[in-house]
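To keep things clear, I will list the structure first and then write my remarks on it.
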Amino acid sequence: MVRDAHNRPLRDLRISLTDRCNMRCRYCMPREHFDGHDFLAKKEILSYEELSNVVESLMPLGLSKVRLTGGEPLLRKDICSFIKMLPKELDIAMTTNGILLERFAQDLADSGLNRVTVSLDAVDVETFQAMGDTDETPETVLRGIETARKAGLNVKVNTVIRAGYNEHSVKMVADRFVGSDVIVRYIEFMDVGETNSWNDDEVITGDMMRNMLENLSPISANHVGEVANRYLRGSQEIGFIESVSKPFCGDCNRARISADGSLYTCLFASKGNDLKSLIRMNASQEQIAEAVRSIWTIRDDAYSQNRGLVDKEKVEMSFIGG
Ligand code: SAM
Ligand code: SF4
Ligand code: SF4
C-alpha cells in the first residue's frame, strides 16, 4: 500500500471520461467560457483499454474504489463496456447530472456499476434551469433516479447550494426524498477552477444549511475519508460536504485522472502528472504503478485547509473530474 507525505493512502480514483457536458452549470462550466471551448480531441483521450490498464496497475497500491465522472460521463460512448472491464473487487461508482440516466440505468447496473450519485440542484423548474443554464427539467433527472433505484443501484443526490440562486433547495430537495432510500448531500459552493466567479459571499455553509432544516441529529461517519458529515432528519439521512467551512484534507485519499491521462493529486491542483506518455510507450503495469507510487509518496496537497494562502491557477473541475 502507498502512503503520501501526510500518511494518507490512495484508495479512490476518480476517472474523468470526457471533458464535455450537456449542461452548463453556472458554478462549473459557465456558457461564456465553455461554449466554443477547445474540448479534447478523440485521439488525446485515453481509451477504455488504457484506462482499465491504469486501474489494474493501481490495485496493488491499495486502490479500492473507482468513480466515473467528467464532464458528463454518460456522454462517453459505450460506457457499459468500460464498466465490464473493471476489476470486480472494486467499488464502482459514477457521478452524473442524470439527464441520460433513465436510458442507461439498467445497463449500467447489469454491467457492474454499484452506485450512482446524481447531481440535482433544484426540484423546481425555474431554479433547475437557472443553475444548469439548460432547457432540461428536473423531471428528467427524477425519472433517471427512479429508474436507477429500480435497477438496484444505490443512489445519492448531490445538491450544490449557492447564495442568491437556490437556498430554498435545501428544504425542497430534502422534502422531495423523504420516505425514500435516496440520501441527499448538500455541497458548499467551491472555488474550483478559474471561470465560475466564485466569491466567499456566495457560500452557504453547512451550518447555515442546517439552520434551514429541522429535527437534525448527527451520526458518525461510515468510513475514514468520508467526505460528507452525516445527519438524521427524523428517519431521513442527509449529508453536508463542507469543504469550504470544514475542510477534510486530513483524510483525503482521492486521486483523479483527466480524460487525457494526467494524474492529479488534488481537486485544486494547477498541474497534473502525465501518465499518457508512459502508457502509450507500452509501459508495464509495474512501471505505471511505480510512477504513481513516486507521485503519491511526495503528495502534500491540502488546498482547502490552506484556502486563501495559495494563489495558483487552478484546473477546471469539468476537466479533471468532480
Ligand atoms: N457532470 C456530472 C455531474 O454534474 O454530476 C459529473 C461531474 S461534476 C464536475 C461533479 C460534481 O461536482 C457535481 O455534483 C457538481 O455539482 C459538483 N460541482 C461542480 N462545480 C462545483 C462547485 N463550484 N462547487 C461545488 N460543487 C461543484
Ligand atoms: Fe456539467 Fe456536471 Fe459541471 Fe454541471 S456540474 S456543468 S453537469 S460537469
Ligand atoms: Fe483532497 Fe485537495 Fe480536496 Fe483537500 S483540497 S480534500 S487534498 S482534493
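Counting convention: from 1, in listed order, for ligands and their atoms alike.
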Starting from atom 26 (N) of ligand 1, which protein heavy atom do you reach first, and at what distance in Å? Val160 CG2, 3.4 Å
Cys266 backbone or side-chain N/O/S under 2.8 Å from atom 1 (Fe) of ligand 3: no
Quick check on the hydrophobic clustering: are Val54 and Ile92 connected, directly or via other members, by side-chain heavy-atom contacts under 4.5 Å? yes
Are any of the heavy atoms in Glu188 under 4.0 Å away from ligand 1? yes
Could you identify the single nearest non-hydrogen protein atom to atom 3 (Fe) of ligand 2 and state the distance to 0.1 Å? Cys28 SG, 2.4 Å
Please list the nearest protein heavy atom to atom 10 (C) of ligand 1 with its residue and the distance rounded to 0.1 Å. Gly322 CA, 3.7 Å
Any idea which of Cys25, Gly70, Ser119 brings a heavy atom closest to atom 4 (Fe) of ligand 2? Cys25
In terms of residue, atom name and distance, what is the protein heavy atom nearest to atom 1 (Fe) of ligand 2? Cys21 SG, 2.3 Å
Flag the pair Asp301 and Arg299 as a salt bridge only when some basic side-chain nitrogen lies within less than 4.0 angstrom of an acidic carboxylate oxygen. yes
With no hydrogens and no angle check, do the side chains of Ser16 and Arg256 hold a donor and an acceptor under 3.5 Å apart? no
Which residue holds the protein heavy atom closest to atom 13 (C) of ligand 1, what is that atom called, and what is the gap in Å? Ser119 OG, 3.2 Å
List ligand 1 atoms under 4.0 Å from Ile187, heavy atoms only on the residue side. 25 (C), 26 (N)
Can you check whether Gly71 has an N/O within less than 3.5 Å of an N/O in ligand 1? yes
For Glu72, atoms of ligand 1 separated by under 4.0 Å from a heavy atom: 1 (N), 2 (C)
Does a salt bridge link Glu72 with Arg20, judged by any charged N lying under 4.0 Å from a carboxylate O? no
Are any of the side-chain nitrogens in Glu32 or Arg26 under 4.0 Å away from the carboxylate oxygens of its partner? yes
Number the atoms of ligand 2 from 1 as they appear, then name those within less than 4.0 Å of a heavy atom of Met29, with their elements. 6 (S)
Give a yes or no on whether a salt bridge exists between Arg143 and Glu146, defined as a side-chain N under 4.0 angstrom from a carboxylate O. no
Indicate, as side chain, backbone, both or neither, the part of Arg254 found under 4.0 angstrom from ligand 3 when only non-hydrogen atoms are considered. side chain
Is Lys276 salt-bridged to Asp260, cutoff N-O under 4.0 Å? no
Kindly indicate, with the supporting measurements, whether the criterion side-chain contact (heavy atoms from CB on, under 4.5 Å) is fulfilled by Ile161 and Glu188. CA-CA 6 Å; Ile161 301 294; Glu188 293 179 351; over 6 Å; no
Among all the protein's non-hydrogen atoms, which is closest to atom 21 (C) of ligand 1, and how far away is it? Tyr27 CD1, 3.4 Å
For Ala228 and Arg185 the tightest heavy-atom approach is CB-CD, 4.0 Å
Does the pair Asp191/Arg307 count as a salt bridge with the N-to-O cut at 4.0 Å? yes
Please state which protein non-hydrogen atom is closest to atom 24 (N) of ligand 1 and give its distance, to 0.1 Å? Met190 N, 2.9 Å
Do me a favour and list the nearest non-hydrogen protein atom to atom 11 (C) of ligand 1 with residue, atom name and distance? Met317 CE, 4.1 Å
Geometric class of the Tyr264/Phe319 ring pair [parallel <30°, tilted 30-60°, perpendicular >60°]: perpendicular
Any N/O pair Asp121/ligand 1 closer than 3.5 Å: no
Test your reading of the structure: does Thr96 have an N or O sitting under 3.5 Å from an N or O of ligand 1? yes
Mark the output for Gly70 as yes if a heavy-atom distance to ligand 1 is under 4.0 Å, and as no if none is. yes
